[in-house]
Amino acid sequence: MSARLAPLPRTVAREVAREAVETTSAALALRSRPRRNRKTDWARRLVREHVLTVDDLIWPLFLIDGERRREPVAAMPGVERLSVDEAVRAAERAAALRIPAIGLFPYTDPALRDPLGSEALNAQNLVCRAVRAVKAAVPEVGIITDVALDPYTSHGHDGLLHEDGRILNDETVAVLVEQALVQAAAGADIIAPSDMMDGRVAAIREGLDRAGFLDVQIMAYAAKYASAFYGPFRDALGTKLIGDKRTYQMDCANSAEALREVALDLEEGADMVMVKPGLPYLDVIRRVKDTFEVPTFAYQVSGEYAMIQAAALNGWIDGERAMLESLVSFKRAGADGILTYFAAEVAERLKAG
Ligand code: PBG
């Protein structure tokens, strides 16, 4: 049974509304009016809880063979693959803006990809050449290199693929340690394992220490989820993934498991941990930061960047405001820093004030 309501006359509605406001404001005596602290720009700045600064930024760059080459990434408007000399130029821009660190990701020539990801261990591979060139030209910028086999494997997986379809764990870890040593020898400051094999942080730490790289840090992709938001990154790297990564990357429905992953990586010797992707996982960042109180980073991944850029290019959102709002939300969630493809743009924006 539903009662048919007669329309409420305008005058009655107005009277009811006026009385409602009078009664409640009298009852509350409205001592608390939160809008007072928002009344002007200076007042808002005065009470602001979280601030994004250039020190929070890590800038991921894509590399490609050749010289004086900048190649747009279709799925990431505004992002380009850079030849080593252009990457050096980008690093100089990072230094001028005081961005603390850059991350390097190679588009490997498809002819160099094989099932074992052998090119990862070549001391003259694209990443290693870029690390040496950037270190020589801009020593004050930190260099982060990704440890995982996906830029080098023909099947696109982060590890070794067995013929029965499994990704082999311990066999992969042995290769990752070697890859980390090759990168450290080239001059990488921070090794960032993004592969999600079990036990890789301990093995890499052991390998680095044995080889004398005591000061090389490890930023563990500790809570890395199997995510649709990595799509544009795979375009940038030219990866054609066979199957999916759900047997090693985390299930997006879990967050207590993220704490276990982080705990393990810290026990194994990680200096910093990362949650990835970013925006859909702010709750995980908060839990990790509150639980462990260690340097905690967020990766605003390629798909997150692409969504903001696509909507902005269509005129559906204000791209600059969406960029700043998304980045400050990572600070609010407890992140100490953010890997973001917006790094240079936002640093310029912050500098301009
Ligand atoms: C590979 C790796 C990926 C990203 C960083 N390292 C993709 C993946 O795991 O499939 C994604 C970064 C991004 O989407 O911006 N180990």
Side-chain angles (χ1 to χ4, degrees), residues 57-63 73-81 101-108 113 117 119-120 126-127 144-161 167 169 172-173 175-176 179-180 183 188 190-197 200-201 204 218-252 261 265 273-281 297-310 323 326-327 330 337-343:
L57 303 172
I58 296 171
W59 191 17
L61 300 173
F62 295 115
L63 304 168
V73 177
M76 300 178 72
V79 170
E80 294 166 314
R81 301 183 193 97
I102 59 172
L104 299 175
F105 296 92
Y107 174 98
T108 304
R113 301 183 199 210
E119 179 66 5
L126 184 53
V127 160
I144 304 176
T145 51
D146 224 54
V147 165
L149 300 182
D150 57 307
Y152 312 98
T153 51
S154 38
H155 44 70
H157 281 286
D158 294 20
L160 303 175
L161 178 61
I167 298 298
N169 194 87
T172 298
V173 171
V175 182
L176 297 177
Q179 181 186 20
Q183 294 175 351
I190 302 181
I191 297 295
S194 70
D195 56 286
M196 289 301 277
M197 296 301 117
R200 89 279 208 217
V201 172
I204 290 171
I218 296 179
M219 176 187 283
Y221 286 71
K224 175 169 176 179
Y225 290 85
S227 173
F229 291 99
Y230 306 150
F233 176 93
R234 293 184 191 152
D235 170 26
L237 257 57
T239 309
K240 285 174 196 68
L241 178 63
I242 296 172
D244 63 57
K245 300 190 176 182
R246 282 184 283 191
T247 68
Y248 47 108
Q249 299 180 344
M250 284 179 56
D251 184 336
C252 65
E261 282 282 5
D265 284 1
V273 295
M274 192 206 295
V275 174
K276 176 184 174 194
L279 230 39
Y281 298 86
F297 291 81
Y299 200 142
Q300 181 177 52
V301 301
S302 55
E304 300 174 60
Y305 172 87
M307 286 194 300
I308 293 175
Q309 290 294 74
M323 166 182 82
S326 68
L327 291 171
F330 290 111
I338 307 126
L339 289 91
T340 174
Y341 301 99
F342 287 120

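What you see is a predicted model, and the numbers here were worked out from it, not measured in a lab. All values below come from the heavy atoms of this structure, side chains included, with hydrogens, waters and symmetry mates left out. Both counts, for ligands and for their atoms, begin at 1 and track the order of listing.
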The closest protein heavy-atom partner of atom 14 (O) of ligand 1 is S302 OG, 2.7 Å

Here the atoms of ligand 1 under 4.0 Å from any heavy atom belonging to Y299 are 12 (C), 15 (O)

Atoms of ligand 1 under 4.0 Å from any heavy atom of R234, numbered from 1 in the order shown, are 8 (C), 10 (O)

Distance col, row T172:OG1 vs L149:CG, nearest 0.5 angstrom, shows 6.5 Å

Contact region, Y341 to ligand 1, non-hydrogen atoms below 4.0 Å, reads side chain

For A148, the ligand 1 atoms with a heavy-atom partner under 4.0 Å come out as 16 (N)

Could you walk me through whether S227 and Q249 satisfy the side-chain hydrogen bond (donor to acceptor under 3.5 Å, both in side chains) test, starting with their C-alpha distance in whole Å, then the side-chain angles of each, then the deciding distance to 0.1 Å, before giving a yes or no? CA-CA 8 Å; S227 173; Q249 299 180 344; over 6 Å; no

Review point. Short N/O distance, under 3.5 Å, between D158 and ligand 1?
Key: yes

Closest to atom 12 (C) of ligand 1 among protein heavy atoms sits F233 CD1, 3.3 Å

The answer for which part of S194 has a heavy atom under 4.0 Å from ligand 1 is both

Is any NZ, NE, NH1 or NH2 atom of the basic residue among D265 and R200 found under 4.0 Å from an Asp or Glu carboxylate oxygen of the other?
yes

Ring-plane angle category for Y299 and Y221, please: parallel below 30°, perpendicular beyond 60°, tilted otherwise. tilted

re atom 5 (C) of ligand 1, the protein heavy-atom contact at minimum distance is K276 NZ, 2.6 Å

**Report entry** Under 3.5 Å side-chain donor-acceptor pair for D146 and S194
**Finding:** yes

*asked:* Between D158 and K245 (salt bridge meaning N to carboxylate O under 4.0 Å), is one present in this structure?
replied: yes

Looking at H157, K224, M76, the heavy atom closest to atom 9 (O) of ligand 1 belongs to K224

Under 4.0 Å between heavy atoms, the region of D150 that gets near ligand 1 turns out to be side chain

Here the pair of heavy atoms bringing G156 nearest to L241 is O-CD1, 3.4 Å

Please indicate whether any nitrogen or oxygen in D195 is less than 3.5 Å from any nitrogen or oxygen in ligand 1. no

Closest to atom 8 (C) of ligand 1 among protein heavy atoms sits K245 NZ, 3.3 Å

The answer for which part of D146 has a heavy atom under 4.0 Å from ligand 1 is side chain

Paired with F105, the ring pair (Phe, Tyr, Trp, His ring centres under 6.0 Å) test is passed by just one of W59, Y152, F233, Y230, namely F233

- Determine, using heavy atoms of Q249 and all atoms of ligand 1, whether some pair is separated by less than 4.0 Å. yes

_For the CZ atom on F229, are there more than 12 heavy atoms of other groups (residues, nucleotides or ligands in this structure) within a distance under 6.0 Å?_
no

Heavy-atom closest pair (M219 atom, L339 atom, distance to 0.1 Å) is SD-CD1, 4.4 Å

